[in-house]
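Sequence lines set the chain letters: A, B, ... in the order given, protein chains first and strands last, and positions in each chain run from 1.
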Amino acid sequence: MTAQSSNSQPQVESTAGEPHLDENHVIAERREKLRHLREHAQSSNTPVFPNDFKPEHKAADLQARYAEADKETLDPQEIPAVVAGRMMLKRVMGKASFATIQDSTGRIQLYIARDEIGEALYESFKHWDMGDIVGARGRLFKTRTGELSVHVTELRLLTKSLRPLPEKFHGLQDQEIKYRQRYVDLITSDETRATFRARSQVVTAIRQFMNQNEFLEVETPMLHPIPGGASAKPFITHHNALDMQMFMRIAPELYLKRLIVGGFERVFEINRNFRNEGLSVRHNPEFTMMEFYAAYTDYQWLMDFTEQCIRAAAIAAKGTAVLSYAGKEVDLSKPFERLTIVGAIQKYAPQYSLEQLNDAEFVRKELLKFGVKAFDHAGLGALQLSLFEETAESQLWQPTYIIDYPVEVSPLARASDTQPEITERFELFITGREIANGFSELNDAEDQAARFHAQMKAKEAGDQEAMFYDADFIRALEYGMPPTGGCGIGIDRLVMLITDSPSIRDVILFPHMRSEQ
RNA sequence: GGGGUGUUAGCUCAGCUGGUAGAGCAGCGGACUUUUAAUCCGUUUGUCGUGGGUUCGAUCCCCGCACACCCUACCA
């Protein structure tokens with residue numbers, strides 16, 4: 001969109017010297033058609049890619065209003081319709097044709113009679129291709145078989161498509177192309193479009209829920225001088241002008257808590273985090289988190305609140321909080337179960353006695369059976385957590401809060417007032433996957449400084465994901481942060497659950513892929 | 001990172017433990033004024049992912065590589 005655009009016809013040589021990814025004879029044929037269109041446009045001084053046709057109706061609206069009407073009552077009314085969209089189906093006969101166009105809302109059929117639009121245009125239309133963008137003006141009617149259609153009186157080719165669409169019946173089957181060329185997937189798959197609409201509805205519902213509860217939406221840095229707020233490997237980058245190393249954020253937590261110090265009391269952020277780790281059906285290097293912090297609340301309040309938020313999101317996108325995932329029911333409508341780490345092991349791996357679970361050496365040996373070698377510095381709580389992950393986590397199909405995480409793996413969480421070795425922290429699991437993580441925040445600056453020091457020791461001992469010491473964050477806490485609850489919800493995973501998607505790539509428009517070739 | 005499976009026409013897919021490939025759709029030409037994945041007649045199109053090896057001969061057997069998907073590991 002430069003200032004150069006005008007009414008003059010640009011001189012475009014069809015294919016000369018331009019790099020094309022994958023030319024083939026079908027594309028060559030369409031380029032040839034486009035060349036003819038350019039010639040014709042030039043001689044008639046009209047644009048090849050016109051932008052003066054303005055549709056006035058959407059397919060879905062027309063279907064909703066008139067699809068049920070009788071032919072006898074609808075046809076005589078000659079209701080005008082002006083529509084535009086991509087031609088998805090085309091059935092040409094000698095003197096009349098049908099074409100189905102698709103717009104952002106759905107599909108509608110066009111009836112194109114030679115005697116109505118003229119012989120020259122009809123001949124031209126015969127050579128238009130599936131995938132071309134067309135505009136049509138006409139009157140609504142019902143065909144013999146009762147399909148709502150537009151009897152076309154004016155037909156325009158608005159955009160010539162050079163690449164063929166996938167086979168019209170089977171659609172796009174190649175998973176790789178669905179991810180790499182999402183635009184093709186969106187053109188051809190109702191299901192894909194529905195998934196991303198649902199994603200948008202989920203995010204909108206969450207935002208509304210937060211606003212209704214008087215949270216302030218904020219944006220904090222994505223480029224961090226010190227990566228913090230989570231245990232993860234960061235992407236490292238470099239700022240040239242400042243000549244300094246920077247890190248893509250792994251979590252917004254420490255900045256959001258600075259805002260609580262600043263007095264906002266209720267803040268949230270929906271944005272991307274970046275973690276330099278492996279890919280899987282549950283992991284993309286950049287993923288979306290909603291983190292929120294509320295002063296004068298604790299983890300018990302957070303669990304109630306998070307539950308309501310997720311329920312509201314499901315209802316907004318699906319109309320119900322009783323979902324189906326991978327063929328099994330997931331019920332978000334009832335209160336979520338709450339279990340301690342040890343309680344969950346006892347429930348899902350009852351072969352262990354409480355005595356065994358409280359024996360650090362036993363648990364450490366047991367973990368070896370699962371191929372897990374715990375750090376030497378790991379305490380009982382961390383060992384129990386590892387055993388939980390090996391035995392119970394994947395079985396938490398219905399929504400379950402796991403509570404009371406050990407202090408040593410929760411360096412930002414407030415310790416229990418009665419049991420100093422555990423924190424007021426929870427993680428939410430649904431369909432065996434972690435969906436959310438929250439806790440009463442640690443607001444004792446000196447304790448936080450000590451926890452950071454312990455993390456630095458762990459880092460020196462070989463724990464690559466241990467946290468860095470963030471001196472400014474400590475300084476902020478030293479001004480005093482009110483008692484606060486904070487939680488992060490993995491939006492991608494929540495959308496996977498709500499849209500019944502097996503892979504995180506199905507809910508990210510442009511998932512990370514290796515370079516082509 | 002480790003393991004498994006896959007890659008054949010533009011698309012969707014066949015292809016017999018080895019003899020250099022087929023169908024449907026799309027395209028092109030023709031017929032057809034109410035079709036529904038329109039139909040009917042004719043017809044074009046392939047470095048069989050890529051590089052080696054075995055063989056008289058490889059889409060097919062063996063090895064490497066690329067990419068994808070699934071499982072697994074780290075994590076959310």
Q: Can you tell me the pairing partner of B/U7 across any strand shown, Watson-Crick or G-U wobble, with both distances under 3.5 angstrom?
A: B/A66

Q: Could you check whether A/D492 gets within reach of a base, just the sugar-phosphate, or nothing at all, counting any heavy atom under 4.0 Å?
A: nothing

Q | Pairing of A/E366 and A/K369 as salt bridge, 4.0 angstrom limit | A | yes

Q. Quick one: does A/D404's side chain get under 4.5 Å of A/F426's, heavy atoms only?
A. no

Q) What does A/F141 touch in the nucleic acid at a heavy-atom separation under 4.0 angstrom: a base, only the sugar-phosphate, or nothing? A) base

Q) So does A/K90 get a side-chain nitrogen or oxygen closer than 4.0 Å to the phosphate oxygens (OP1/OP2) of B/U35? A) no

Q: Please report, rounded to the nearest Å, how far the C1' atom of B/C70 is from the CG atom of A/L279.
A: 14 Å

Q: Could you check which of B/A68, B/U44, B/U35 has an atom nearest any side-chain atom of A/E147?
A: B/U35

Q: Establish, yes or no, whether the cationic atom of A/K257 lies under 6.0 Å from the six-membered ring centre of A/F473 and within 45° of the ring axis.
A: no

Q.
Distance check needed: B/C70 P versus A/I504 CD1, whole Å only.
A. 12 Å

Q.
How close do A/L302 and A/F439 get, counting heavy atoms only, and between which atoms?
A. CD1-O, 3.5 Å

Q) Is any NZ, NE, NH1 or NH2 atom of the basic residue among A/R31 and A/E23 found under 4.0 Å from an Asp or Glu carboxylate oxygen of the other? A) yes

(Q) Between P on B/A66 and CE on A/M513, what's the gap in Å once rounded to a whole number? (A) 16 Å

Q) Does the side chain of A/R505 get closer than 4.0 angstrom to OP1 or OP2 of B/C69 through an N or O atom? A) yes

Q | G-U wobble or Watson-Crick pairing nucleotide for B/G1 (cut-off 3.5 Å, both distances) | A | B/U72

Q. NA contact type, A/R514, heavy-atom cut-off 4.0 Å: base, sugar-phosphate, or nothing?
A. sugar-phosphate

Q.
In whole Å, I'd like the distance from the CG atom of A/L165 to the P atom of B/C11.
A. 12 Å

Q: Answer with base, sugar-phosphate or nothing: what part of the nucleic acid does A/E277 contact at a heavy-atom distance below 4.0 Å?
A: base

**Q.** Under 3.5 Å on both distances, the Watson-Crick or G-U partner of B/C60
**A.** none

(Q) Need one value for A/G94: base, sugar-phosphate or nothing, where a base atom within 4.0 Å counts as base even if backbone is also close, heavy atoms only. (A) base

Q.
Before you tell me yes or no, could you show the steps for A/Y325 and A/R433 under side chain to side chain donor-acceptor pair (under 3.5 Å), namely the whole-Å CA-CA distance, both residues' side-chain angles and the distance that decides it to 0.1 Å?
A. CA-CA 12 Å; A/Y325 189 82; A/R433 293 174 185 158; 2.6 Å; yes

Q) Is A/H40 atom NE2 crowded by more than 12 heavy atoms from other residues, nucleotides or ligands, each under 6.0 Å away? A) no

Q.
Return the pairing partner of B/U43 with a 3.5 Å limit on both distances, Watson-Crick or G-U wobble; otherwise return none.
A. B/G27

**Q.** Minimum-distance nucleotide to A/S280 side chain [options: B/U34, B/A73, B/U12]
**A.** B/A73

Q: Among the candidates B/G10, B/C28, B/C32, find the nucleotide nearest to the side-chain atoms of A/H127.
A: B/C28

Q: Using only side-chain N and O atoms of A/K168, determine if any of them is under 4.0 Å from OP1 or OP2 of B/A38.
A: yes

Q: For A/G488, answer base if it contacts any base atom (sugar-phosphate contacts may also be present), sugar-phosphate if it contacts only those atoms, and nothing otherwise; contact means non-hydrogen atoms under 4.0 Å.
A: nothing

Q: Just compare B/U45, B/U35, B/U72 and give me whichever is closest to any side-chain atom of A/R282.
A: B/U72

Q) Across the strands shown, which category fits A/E167 at heavy-atom distances under 4.0 angstrom: base, sugar-phosphate, nothing? A) base

Q: Scan A/V281 against the nucleic acid and name what it touches under 4.0 Å (heavy atoms): base, sugar-phosphate only, or nothing.
A: sugar-phosphate

(Q) Between B/U35 and A/Q109, counting only base atoms on the nucleotide and side-chain atoms on the residue, is there a donor-acceptor pair under 3.5 Å? (A) yes

Q: Report yes if a side-chain nitrogen or oxygen of A/R91 is closer than 4.0 Å to either non-bridging phosphate oxygen (OP1 or OP2) of B/U39; otherwise report no.
A: no

Q. Between A/D174 and A/N437, which is nearer to the 5' end of RNA chain B once each is assigned its nearest nucleotide?
A. A/D174

Q.
Using a heavy-atom cut-off of 4.0 Å across all strands, would you classify A/H151 as base, sugar-phosphate, or nothing?
A. nothing

